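To start, the structure itself, in structure tokens.
Worth saying up front: this structure is predicted, and the values here are computed from it rather than measured. Ligands are counted one by one from 1 in listed order, and the atoms in each one are counted from 1 as well. Excluded from the calculations below are hydrogen atoms, water molecules and symmetry mates; all remaining heavy atoms, backbone and side chain alike, are included. We're numbering straight along the sequence, starting at 1.
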Amino acid sequence: MSILKGIRVLDCSIAMAGPLAAQRLADLGADVIKIEPTSGEWQRHTAAGGATGNKINVSFLSLNRNKRSLSVDLKSPDGKAVLLEAVKTADVFIQNYRAGVATRLGVDYETLSAINPKLVYVSMSGYGETGPSVKRPGQDLLLQGMSGAMMATGEGDGPPRPAGQYLVDAITAYSAFEGALAALFHRERTGEGQKVSINMLDAITTIQMQELSVFTKGKVKPERTKEAHAHVYMRAPYGVFQTSDSYITLAFAPLDKLGVILGSDVLAKMNSETHGFSHRDEIFAITRKALLSKTSDEWLKIFDEAGMWAGPVYNYEQLINDPQIKHNGTFISYNHPTEGEVTTPGFPIKFSKTPSEIRYGAPINGQHTIEVLKELGLDDEKISELIEKQAVHVGEDLA
Ligand SMILES: CC(C)(COP(=O)(O)OP(=O)(O)OC[C@H]1O[C@@H](n2cnc3c(N)ncnc32)[C@H](O)[C@@H]1OP(=O)(O)O)[C@@H](O)C(=O)NCCC(=O)NCCSC(=O)C(=O)O
């Protein structure tokens with residue numbers, strides 16, 4: 001049995017950060033009901049990601065598996081009444097609305113906890129719920145820039161470069177996930193619900209704890225002209241190196257060993273702990289030149305045998321076909337009723353007794369509206385009335 005079986009989550013979130021947090025709970029067995037506007041959650045219809053020819057955006061498919069969809073107009077009194085009924089049956093509520101929206105919709109913590117004091121209410125925002133930046137849009141790229149993370153990445157004297165993934169969204173999602181689990185644990189002990197707030201700015205700032213402490217305590221400023229890491233004075237060589245056919249990574253190579261491998265007497269005589277800092281440019285120059293003489297596979301075999309920290313720089317095809325990734329079962333595939341086979345990373349944590357499970361793919365908008373309304377005790381007549389008033393939307397049931 002999955003660990004969160006019997007836990008009900010109402011997921012009112014949009015885009016990535018909220019939906020991913022809710023999906024983590026769903027993968028652990030929670031009954032996650034995605035509460036969507038009657039037109040469907042924003043990301044369903046976006047073309048972002050470049051994948052075309054699908055009825056549902058592929059990013060949406062990757063963030064909303066294992067959820068049921070209740071499509072309801074929270075701006076209508078009837079729709080809102082449905083949500084408040086659902087809240088009585090819920091354990092967790094997640095929203096990542098723009099500041100002020102939750103209150104305007106009447107789904108703020110004060111309102112919902114009055115209905116269900118045991119509720120764990122997860123509020124996700126861009127910058128916090130109060131303060132000078134509260135009105136600014138919370139978007140991944142903006143936060144990568146504002147958090148200082150971007151200052152350390154990029155080449156030479158060029159501009160700052162963001163990570164090519166939605167790093168801030170993901171970190172915020174994982175923080176919300178752990179916050180929800182901790183609050184459920186507290187509720188298990190005491191019966192008490194609470195509000196769990198996490199914002200993107202604090203999430204991305206906090207994961208830079210080493211780099212920021214080196215700055216505040218060590219007074220060392222990150223400079224992207226110097227290094228592949230915000231620690232400017234990382235022991236050399238540390239970075240991405242070109243080989244005769246591609247690139248490899250090399251971290252903290254002991255200089256005496258590296259010198260022997262690269263055939264450099266100069267390196268072989270160096271001491272990692274002293275020269276690794278004082279002779280950085282020379283070490284990089286020797287290493288760069290030497291690594292151009294063999295292929296990545298050849299170098300990786302040599303470094304592996306020497307017990308040194310080196311690795312491949314994969315494209316996604318190489319990653320998916322990597323023997324360790326295959327061995328781990330990192331990717332899962334499922335058959336979606338309208339989109340066919342979907343291959344996507346699964347849930348990475350393995351539990352020896354309560355494994356995660358992929359039960360179904362991302363839903364059609366409103367696919368489970370009738371099913372959920374019936375579970376909430378509404379009869380056919382009331383359901384027809386809600387449909388008639390367009391307070392709810394009923395999608396095709398593809399189960
Ligand atoms: C991402 C956002 C900038 C998107 O802003 P918006 O487009 O304005 O979306 P919002 O959800 O906040 O609200 C849109 C409107 O929809 C209304 N709304 C929402 N749900 C409903 C339902 N069910 N029924 C009726 N109306 C609804 C809501 O009241 C708002 O209307 P009005 O009441 O009339 O205003 C913001 O939500 C935000 O800053 N969120 C916090 C940070 C966060 O989680 N960011 C997403 C990370 S993902 C990301 O960065 C990325 O993918 O890249």
Side-chain angles (χ1 to χ4, degrees), residues 10-23 33-50 57-64 67 69-84 86-87 93-108 111-112 122-131 133-147 149 162-177 179 196-204 365-366 369 372 386 389-393 395:
L10 302 184
D11 171 19
C12 287
S13 64
I14 71 161
M16 176 170 171
L20 177 58
Q23 180 167 278
I33 302 175
K34 187 171 175 74
I35 313 283
E36 307 192 51
T38 49
S39 54
E41 195 242 288
W42 165 80
Q43 181 130 35
R44 277 186 180 282
H45 316 297
T46 58
N57 174 287
V58 176
S59 292
F60 184 92
L61 294 175
S62 75
L63 294 164
N64 292 286
K67 300 183 189 179
S69 168
L70 170 63
S71 184
V72 53
D73 180 8
L74 297 180
K75 288 186 174 167
S76 79
D78 293 290
K80 177 124 144 262
V82 166
L83 182 87
L84 299 184
V87 165
F93 180 92
I94 302 181
Q95 59 85 358
N96 67 342
Y97 297 124
R98 202 167 9 105
V101 169
T103 308
R104 206 155 50 239
L105 287 175
V107 298
D108 51 285
T111 307
L112 301 195
V122 181
S123 170
M124 303 170 72
S125 62
Y127 305 84
E129 288 164 34
T130 54
S133 297
V134 78
K135 292 237 181 299
R136 300 174 69 183
Q139 200 278 333
D140 188 281
L141 182 69
L142 278 57
L143 272 304
Q144 285 199 39
M146 185 173 171
S147 66
Q165 297 75 27
Y166 295 124
L167 205 61
V168 185
D169 291 343
I171 290 155
T172 310
Y174 296 159
S175 302
F177 172 61
V196 177
S197 302
I198 176 75
N199 69 70
M200 297 167 80
L201 179 60
D202 285 349
I204 179 72
N365 177 31
T369 297
V372 174
L386 289 172
K389 286 181 166 171
Q390 298 185 350
V392 298
H393 166 81

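The closest protein non-hydrogen atom to atom 35 (O) of ligand 1 is Arg104 NH2, 2.8 Å. Shortest contact from atom 21 (C) of ligand 1 to any protein heavy atom: Pro37 CG, 3.8 Å. Of the protein's non-hydrogen atoms, Leu105 CD1, 4.2 Å is the one closest to atom 18 (N) of ligand 1. For atom 25 (C) of ligand 1, the nearest non-hydrogen atom of the protein is Asp73 OD1, 3.4 Å. Looking at atom 16 (O) of ligand 1, its nearest protein heavy atom turns out to be Lys75 NZ, 4.9 Å. The nearest heavy-atom contact from the protein to atom 13 (O) of ligand 1 is Arg98 NH2, 3.9 Å.
Taking any N or O of Tyr166, backbone or side chain, none lies under 3.5 Å from an N or O belonging to ligand 1. Ligand 1 has a nitrogen or oxygen under 3.5 angstrom from a nitrogen or oxygen of Gln139. Close N/O approach between Gln43 and ligand 1 is not found [any backbone or side-chain N/O within under 3.5 Å]. Ligand 1 has no nitrogen or oxygen under 3.5 angstrom from a nitrogen or oxygen of Pro137.
Residue contact check for ligand 1: Ile35 places no non-hydrogen atom closer than 4.0 Å to it. For Glu36, the closest heavy-atom approach to ligand 1 falls below 4.0 Å. Residue contacts with ligand 1 leave out Gly18, since none of its heavy atoms falls under 4.0 Å from the ligand.
Residues forming a side chain to side chain contact (heavy atoms under 4.5 Å, CB included) with Thr38 (at least two apart in sequence, or on another chain): Ser71, Asp73, His393.
Counting heavy atoms only, Val101 comes closest to atom 29 (O) of ligand 1 of the residues Leu142, Val72, Val101, Asp169.
Results of the side chain to side chain contact (heavy atoms under 4.5 Å, CB included) test with Ile35 over Asp11, Ile94, Leu83, Val372 single out Leu83 as the only residue that passes.
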